[in-house]
Amino acid sequence: MPQERTWRIGTNGPWLTVSGETRQPRGAVLILHGGDVTSTVPTTPWEGAVLRMIPFAWALRRAWSDSGLLVLRLRLRVRGWNGTAADAVVDTRQALEEIERRFGPIPVVTTGHSMGGRAVLQAADAQRVRGVLGLAPWICDGDPVEPLRDRHLLIAHADFDITTSPADSRAYVDRARGVAASADFVPVHVDSHPMVRIGRWNELAVAFTGRVLGWAGSRTAAR
């Protein structure tokens, strides 16, 4: 298990956890967990949505630490999106600012599951973001694609997902083409919203991160 350290950004969160150590990072990946449509209940480190993202951090660390990848998981302040408050987007932007403050102007790939996927899509216009990976993201009618201008986009969605919509993800990718630098959709077959086939999801995250950051040996997993 890689060494981890966590720090709180604001008085009541959010929290950033670094997996392993990178003294001179050349790039970063920020990983977000899912949540609820509406809830002001504070998150905890032990809830399923938060724990679900740990294997992604480990896989990315194993794959790209020698290339200088800084791997960070974001734990949101509260469990809900909460309408126009869009708490997850607020936290994401705050985390991206903190990464730049601590580690300098390095390129960032953002990766989010479910509600976290919606957050990274809407915060894609942050200055250092180069690529956005949505894992079974929660997408609503009218969600903007303009934040993805000149960013790389990949959305992966399980074909048996009944919590969020694969069809909505496909439609969003179609709308993003011509705005994003690239926009691809990958179906994950015989899986559902909890991402049980974790090896396949990890493979997608590792390949996309390497491709966006331009590191040797990377490949796109888009189909």
Can you find a pair of side-chain heavy atoms, one from R73 and one from E4, that are under 4.5 Å apart? yes

Measure the OG1-CZ distance between T11 and R77 for me, rounded to the nearest 0.5 Å. 11.0 Å

Is W7 reachable from L70 through a run of I, L, V, M, F, W or Y residues, each pair having side-chain heavy atoms under 4.5 Å apart? yes

When rounded to the nearest 0.5 angstrom, what is the spacing between CG in L213 and CG in L69? 6.5 Å

For the backbone of A167 and the side chain of S165, can you confirm whether one donor and one acceptor N or O come within less than 3.5 Å of each other? yes

Work out which heavy atom in L96 is nearest to a heavy atom in A123; give both atom names and the distance. CD1-O, 4.2 Å

I'd like to know if the side chain of D36 and the backbone of S39 have a donor-acceptor N/O pair within less than 3.5 Å. no

May I ask you to test the D161-S192 pair for a side-chain heavy-atom distance under 4.5 Å? no

Is the shortest heavy-atom distance from the side chain of L32 to the side chain of M53 under 4.5 Å? no

Report the distance from atom OG1 of T110 to atom CD1 of I31, rounding to the nearest 0.5 Å. 10.5 Å

When you measure from the side chain of D159 to the backbone N and O of V190, does any donor-acceptor pair fall under 3.5 Å? yes

Any donor-acceptor pair under 3.5 Å linking the side chain of W64 with the backbone of V206? yes

Output the distance between atom CG (L30) and atom OG1 (T111), rounded to the nearest 0.5 Å. 8.0 Å

Applying side chain to side chain contact (heavy atoms under 4.5 Å, CB included) to L153 and V173, what does each step give before you reach the verdict? CA-CA 8 Å; L153 169 66; V173 168; 4.3 Å; yes

As a quick check of understanding, evaluate side chain to side chain contact (heavy atoms under 4.5 Å, CB included) for V132 and V109, giving each step before the final call. CA-CA 6 Å; V132 179; V109 176; over 6 Å; no

What pairs of residues pass the salt bridge (Lys or Arg N to Asp or Glu O under 4.0 Å) test when at least one of them lies in residues 130-155, not counting sequence neighbours? R118-D143, E146-R149

E47: side chain to side chain contact (heavy atoms under 4.5 Å, CB included) partners, not counting sequence neighbours: T43, T44, V50, R79

With the side chain counted from C-beta on, respond yes when H113 and P137 share a heavy-atom pair under 4.5 Å apart, and no when they do not. no

NE2/H193 to CD1/I162 distance, rounded to the nearest 0.5 angstrom? 10.5 Å

By the definition side-chain contact (heavy atoms from CB on, under 4.5 Å), identify the one residue from V129, L121, D125 that meets it with L148. L121

Yes or no on side chain to side chain contact (heavy atoms under 4.5 Å, CB included) for V89 and D91, after CA distance, side-chain angles and deciding distance? CA-CA 5 Å; V89 178; D91 288 0; over 6 Å; no

Between T92, T40, N82, which is the residue that forms a side-chain contact (heavy atoms from CB on, under 4.5 Å) with D87? N82

Check: V78 and V41 side chains under 4.5 Å, non-hydrogen atoms: no

Any sub-3.5 Å donor-acceptor pair from H33's side-chain atoms to L76's backbone N or O? yes

Residues forming a side chain to side chain donor-acceptor pair (under 3.5 Å) with S169, sequence neighbours excluded: H157

Please lay out, stage by stage, how W201 and D191 fare under the test side chain to side chain donor-acceptor pair (under 3.5 Å). CA-CA 10 Å; W201 297 91; D191 205 352; 2.8 Å; yes

Taking the side chain as everything from C-beta on, heavy atoms only, tell me whether E100 gets closer than 4.5 Å to P105. yes

Smallest heavy-atom separation, S114 atom then T164 atom, equals OG-CG2, 4.1 Å

In terms of hydrophobic clusters joined by side-chain contacts under 4.5 Å, are V108 and V90 together? no

Q94 versus P14, closest heavy-atom pair with distance: OE1-CD, 3.5 Å

Determine whether V120 and V37 fall in the same hydrophobic cluster, where Ile, Leu, Val, Met, Phe, Trp and Tyr are linked whenever their side-chain heavy atoms lie under 4.5 Å apart. yes

Under a single-linkage definition using a 4.5 Å side-chain heavy-atom cutoff for Ile, Leu, Val, Met, Phe, Trp and Tyr, are F160 and V196 assigned to the same hydrophobic cluster? no

For W138, ring-ring contact (aromatic ring centres under 6.0 Å, His included) partners two or more places apart: W81

For the pair D66 and R61, find out whether any cationic side-chain nitrogen is under 4.0 Å from an anionic carboxylate oxygen. no

For R62, what residues pass the side chain to side chain donor-acceptor pair (under 3.5 Å) criterion, not counting sequence neighbours? none

Any chain of hydrophobic side-chain contacts (each under 4.5 Å) joining V179 to F185? yes

With sequence neighbours left out, the residues meeting salt bridge (charged side-chain N to carboxylate O under 4.0 Å, His left out) with R177 are D174

Indicate the atoms forming the closest heavy-atom contact of W215 with G27, along with that distance. CZ2-N, 4.3 Å

Are the side chain of H152 and the backbone N or O of F208 linked by a donor-acceptor pair below 3.5 Å? no

Atom OG in S19, atom CZ in R5: separation rounded to 0.5 Å? 11.0 Å

Decide yes or no on side chain to side chain contact (heavy atoms under 4.5 Å, CB included) for F103 and R128, but give the supporting numbers first. CA-CA 12 Å; F103 301 102; R128 302 302 170 190; over 6 Å; no

Looking at side-chain heavy atoms only, is the closest gap between W15 and I9 below 4.5 Å? no

I want to check something: taking the side chain as every heavy atom from C-beta on, are I99 and L16 in contact at a cut-off of under 4.5 Å? yes

Ion pair E98/R102, N-O distance below 4.0 Å: yes

